[in-house]
Number of protein chains: 2
Amino acid sequence: MEKLIAKYKGKGLRLTPQRLAILKFLEGNTRHPTAEDIFKEVKREYPTISFATVYNTLQTLKENGGVLEITIDPARKHYDPTTNPHHHIVCTGCNEIRDVFVNYSGILRLPSQILKEFQILGNHVDFYGLCKDCRKGQKGGGN
Amino acid sequence: MEKLIAKYKGKGLRLTPQRLAILKFLEGNTRHPTAEDIFKEVKREYPTISFATVYNTLQTLKENGGVLEITIDPARKHYDPTTNPHHHIVCTGCNEIRDVFVNYSGILRLPSQILKEFQILGNHVDFYGLCKDCRKGQKGGGN
DNA sequence: TTGGCTGCAAAATATTTGCAGAACA
DNA sequence: TGTTCTGCAAATATTTTGCAGCCAA
């Protein structure tokens, strides 16, 4: 996150307390929070913070490579401060999103027709599954 | 689509003219339309159709395996009547979405830690690239 | 005939924007 | 001191819902 702070300063961006609080919450966070998650958490320290500030900051972070926008959940966007290439697995039971650190770029062959028409820039794999807790609930009948 | 119509009837669902028009528009459509695209198109034939009907029908189709919801575009959902497993490539220039018919399930190995915790149900690969037209615009300076 | 469907409108949700005052650099 | 940022409110966009009347089966 230090790097990001340096990047912020280098671009004439300001490190306000609110922004720092958002950065601190995101740093090392692997829970893939939504804008609302971030808002609620930062609100505890800065009760007057507004949604607009959260969205503005996320926008700025996106533009500076500080967070990735995750679209695996059709209901809302999630944000991921882990910006080196990786993938995700989502539990279809509880919607928990977990990181998958594997590089599939070398093995994801594409049809020649596609390769003829597209210059490939990247890939992202979403896995769907049932986590341990949700399998438990399913079989044992526990709530 | 015949199969789908049979499925509709088998579940006590009704084939209204509006639904048939939506089904007809979707059948064989590989453009990955949004709800609005569908609404606009069907409106030409049924000027009184409402957005609610489009969303209701899409909801029913989703529940019956008639369409897949595509979340590759953070701005809005797209719908895909091709329901056998496949993947997508999106042009980062014009946002066109194309189908990729390759089965990667056999090669997408997951870390043992993930396999320990999740029962894997499926996967979906998104590719990002630049289509021919968008590369042209980029280099040649044409429009 | 009748229960599911349509269309309208309003509501719910998520995200963006305009702007006056505040505050970081 | 000047420019960017904040917070509020309103606007926008997408999707969902309530309901009276309609109509496919």
Side-chain angles (χ1 to χ4, degrees), chain A residues 4-25 32-64 66-79 95, chain B residues 4-25 32-64 66-79 95:
Chain A
L4 195 56
I5 291 177
K7 196 184 264 185
Y8 251 63
K9 294 195 172 176
K11 298 204 180 187
L13 300 171
R14 290 184 185 169
L15 285 168
T16 62
Q18 294 87 340
R19 284 194 175 173
L20 280 169
I22 292 172
L23 285 171
K24 201 192 291 181
F25 174 63
H32 308 87
T34 62
E36 190 182 6
D37 295 333
I38 298 168
F39 174 69
K40 279 187 185 162
E41 180 61 30
V42 176
K43 203 177 177 60
R44 291 165 51 165
E45 194 179 350
Y46 294 94
T48 64
I49 198 173
S50 72
F51 247 109
T53 297
V54 172
Y55 277 110
N56 285 339
T57 300
L58 286 171
Q59 178 72 32
T60 305
L61 282 169
K62 263 191 285 177
E63 289 167 0
N64 290 278
V67 289
L68 296 176
E69 211 170 67
I70 306 298
T71 59
I72 202 171
D73 175 0
R76 63 194 65 78
K77 292 175 192 164
H78 293 247
Y79 295 89
N95 296 310
Chain B
L4 195 57
I5 290 177
K7 195 184 264 183
Y8 252 61
K9 293 195 173 177
K11 298 202 178 185
L13 301 171
R14 291 188 186 165
L15 284 169
T16 62
Q18 293 87 341
R19 283 195 174 170
L20 281 169
I22 292 172
L23 285 172
K24 200 193 294 182
F25 175 62
H32 307 89
T34 63
E36 191 182 5
D37 294 333
I38 298 167
F39 174 68
K40 280 187 186 162
E41 180 61 29
V42 176
K43 205 178 176 59
R44 291 165 51 167
E45 195 178 351
Y46 293 94
T48 65
I49 198 172
S50 72
F51 247 110
T53 297
V54 173
Y55 277 110
N56 284 341
T57 300
L58 287 171
Q59 178 71 33
T60 305
L61 282 169
K62 262 193 286 179
E63 289 167 0
N64 289 279
V67 289
L68 296 175
E69 210 169 68
I70 306 299
T71 60
I72 202 171
D73 175 0
R76 64 194 65 78
K77 293 175 192 162
H78 293 247
Y79 295 90
N95 297 310

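Below, chains carry the letters A, B, ... as their sequence lines are ordered, and counting in each starts from 1.
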Discussion item. Does any part of the side chain of A:Leu13, heavy atoms only, come nearer than 4.5 Å to the side chain of A:Asn64, both counted from C-beta?
Written reply: yes
Worksheet item: For A:Phe25, what residues pass the ring pair (Phe, Tyr, Trp, His ring centres under 6.0 Å) criterion, not counting sequence neighbours?
Response: none
Worksheet entry | Set of side-chain hydrogen bond (donor to acceptor under 3.5 Å, both in side chains) partners for B:Thr60, sequence neighbours left out | none
Worksheet, complete the sentence: Taken in chain and number order and not counting sequence neighbours, the residues that satisfy side-chain hydrogen bond (donor to acceptor under 3.5 Å, both in side chains) with B:Asp37 are B:Thr34
Worksheet item: Is there any salt bridge (Lys or Arg N to Asp or Glu O under 4.0 Å) pair reaching into residues 44-62 of chain B, and which pairs are they, with sequence neighbours excluded?
Response: B:Glu41-B:Arg44, B:Lys62-B:Glu69
Worksheet, complete the sentence: Those residues at least two apart in sequence (or on a different chain) that pass side chain to side chain contact (heavy atoms under 4.5 Å, CB included) with B:Asn95 are none
Practice prompt. Taking side chain to side chain contact (heavy atoms under 4.5 Å, CB included) as the test, write out the residues that go with A:Thr71, two or more places apart.
Written response: B:Thr71, B:Pro74
Worksheet entry | B:Arg19 CZ to C:dG7 P, straight-line distance once rounded to whole Å | 11 Å
Worksheet entry | Outermost nucleotides of DNA chain D that come under 4.0 Å of a non-hydrogen atom of chain A | D:dG2 to D:dC8
Fill in: Listed partners of B:Arg14 passing salt bridge (Lys or Arg N to Asp or Glu O under 4.0 Å), at least two apart
none
Worksheet item: If an axis is fit to five pairs at each end of the helix from C:dT1-D:dA25 to C:dA25-D:dT1, what is the angle between the two, to the nearest 10°?
Response: 40°
Worksheet entry | Shortest non-hydrogen contact between A:Ser50 and A:Phe39, atoms and distance | C-CE1, 3.7 Å
Worksheet item: What residues form a salt bridge (Lys or Arg N to Asp or Glu O under 4.0 Å) with A:Glu36, not counting sequence neighbours?
Response: A:Lys40
Discussion item. Working to the nearest 0.5 angstrom, can you tell me the gap between B:Lys77 NZ and B:Leu68 CG?
Written reply: 13.5 Å
Fill in: Single hit among A:Asp73, A:Val67, A:Ile72 for side-chain contact (heavy atoms from CB on, under 4.5 Å) with A:Ile70
A:Ile72
Response to the item:
Protein heavy-atom contacts under 4.0 Å, written 5' to 3' over nucleotides 19-25 of chain C as B (base), S (sugar-phosphate only) or - (none), form the string ----BBS
Worksheet item: In residues 38-59 of chain B, what residues come within less than 4.0 Å of DNA chain C, judged by heavy atoms?
Response: B:Thr48, B:Ile49, B:Ser50, B:Ala52, B:Thr53, B:Asn56
